[in-house]
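Report on the following structure.
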Protein chains: 2
Amino acid sequence: MQLTRQSEYAIRTMLELSMLPEGEFMQSRTIAARQELPEQFLNKTVQILARSGLVETRRGMQGGIRLTVKPGEITIADVVAAVEGKIALNPCLADGYHCANQPACRVHGILKRAQAAMLAELGKETFAELAGEDENRITS
Amino acid sequence: MQLTRQSEYAIRTMLELSMLPEGEFMQSRTIAARQELPEQFLNKTVQILARSGLVETRRGMQGGIRLTVKPGEITIADVVAAVEGKIALNPCLADGYHCANQPACRVHGILKRAQAAMLAELGKETFAELAGEDENRITS
DNA sequence: AGTAATAAGATGATATTTATCCTGTTTGTG
DNA sequence: CACAAACAGGATAAATATCATCTTATTACT
Ligand code: SF4
Ligand code: SF4
């Protein structure tokens, strides 16, 4: 019932990239250092983001990672889905899964609504907003 | 990002017990059979529920498991919390954890709201309501 | 050519999940 | 009291997921 570390790393990476001028690259070393993430593991994570089409990478000198989407058009929900696959609070909420007593199951409906509510919140703020002002936050 | 099987088993067990006349026992074999759950594993799960004060057990003939709470006073949120511990979408949402950049972290706030929204839905219907009528549900 | 950067595959250390087995303990019944 | 029924609890284990790290490419700029 928790995000994986990898999802968090991905979110913080996307946040870092969202703060860059559009089209600019940032290197994974830099991201790792700034966010204090394990560099090699971050590389793997970036590969996932790249395959999902959220970022693109360039090798060699002057290389690095940059967004292929506009910060205003993606949310934490998108990043988590990219890293962990489509979110499903329970197997019966995943595509293609079928539970025998699902039609009558009242638990199913509740879980479904809970998941929808969670996703709605995760999808409310875009990275553009997240990367914006850092102050005037509610602390806790 | 998913409930454990054990949580689901616990929910379905509580649901089964909620349908019993107040104060009555049901045996774990019966629950396991009716809900098609692995019996021994269910026993472990029941122990957790018992330690959390949601059910009480009696050994020996005529023994079994019964609720120690009123079905109208507990929700899925309570059961999941009992089995998995207090829900925290991310380590920084758990009690006592401290992340260095938490005060300024805007991700934290979003995760917190997402979690709150999810818990609100999970806490909306009590087991009394869940155990009530089985029909007139939205199927998908 | 050389260097800086990501890609990709293999491997592994841990932790969690999902059980099962065996033995103990409690309790009602005859 | 002996027995059987039912849960309790500890040990064990298989499967899977998580969180990496190591090594060897491959790509691209200079
Ligand atoms: S019993 Fe209900 S909640 Fe559980 S898997 Fe089946 S449909 Fe989903
Ligand atoms: S970086 Fe933000 S979201 Fe991540 S653990 Fe720290 S406070 Fe929580």
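Naming convention: chains lettered A, B, ... in sequence-line order (proteins, then strands); numbering from 1 in each chain. In this text, all values refer to a predicted model and were calculated from it rather than measured experimentally.
For C/dA8, the base has a donor-acceptor partner in the side chain of A/Lys44 [N/O atoms by modelled type, under 3.5 angstrom]. For B/Arg59 against C/dT25, a side-chain-to-base donor-acceptor contact under 3.5 Å is present.
Protein atom CD1 of A/Ile48 is 12 Å distant from nucleotide atom P of C/dA7, rounded to whole Å. Distance, A/Phe25 CZ to D/dA28 C1': 11 Å, rounded to whole Å. The nearest whole Å value for the distance from the CZ atom in B/Phe41 to the C1' atom in C/dT16 is 11 Å. We find that CG of A/Leu42 is positioned 11 Å from P of C/dA7, with the value rounded to whole Å. One atom, CD of A/Glu36, and another, P of D/dA20, lie 13 Å apart when rounded to the nearest Å. Atom pair A/Glu39:CD and C/dT6:P shows a separation of 7 Å (rounding to whole Å applied). Protein atom CG of B/Leu49 is 11 Å distant from nucleotide atom P of D/dA8, rounded to whole Å. Atom P of nucleotide D/dC7 and atom CZ of B/Arg66 are separated by 14 Å, given to the nearest angstrom.
Each of A/Arg58 and A/Pro38 was matched to the nucleotide of DNA chain D holding its nearest heavy atom; the match closer to the 5' end belongs to A/Pro38. Heavy-atom distances to DNA chain C give each of A/Gly63 and A/Arg51 a nearest nucleotide, and the one nearer the 5′ end belongs to A/Gly63.
In the set C/dT6, C/dA4, D/dA20, C/dA4 carries the atom at the smallest distance from any side-chain atom of A/Met61.
Rounded to the nearest 0.5 angstrom, A/Gln102 CD and A/Asn90 CG are separated by 10.5 Å.
Donor-acceptor pairing under 3.5 Å is lacking for the side chains of B/Arg58 and B/Gln62. Side-chain contact annotation: B/Gln6 with B/Thr45, donor-acceptor N/O pair under 3.5 Å present.
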Salt bridge (charged side-chain N to carboxylate O under 4.0 Å, His left out) between B/Lys44 and B/Glu39, intermediate numbers included: CA-CA 9 Å; B/Lys44 296 295 189 195; B/Glu39 191 182 329; over 6 Å; no
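Within 4.0 Å (heavy atoms only), A/Gln27 reaches sugar-phosphate atoms of the nucleic acid but no base atom. Using a 4.0 Å heavy-atom cutoff across all strands shown, A/Gln62 reaches sugar-phosphate atoms only and no base atom. Using a 4.0 Å heavy-atom criterion, one finds that B/Gln40 contacts the bases of the nucleic acid, with or without backbone contacts as well. Within 4.0 Å of A/Tyr9, counting heavy atoms only, lie sugar-phosphate atoms of the nucleic acid but no base atom.
Between A/Ile31 and A/Leu42, some side-chain heavy-atom pair lies under the 4.5 Å cut-off.
Neither OP1 nor OP2 of D/dT18 sits under 4.0 Å from any side-chain N or O of A/Thr4. Distances shorter than 4.0 Å separate some side-chain N or O of A/Thr57 from OP1 or OP2 on C/dA7.
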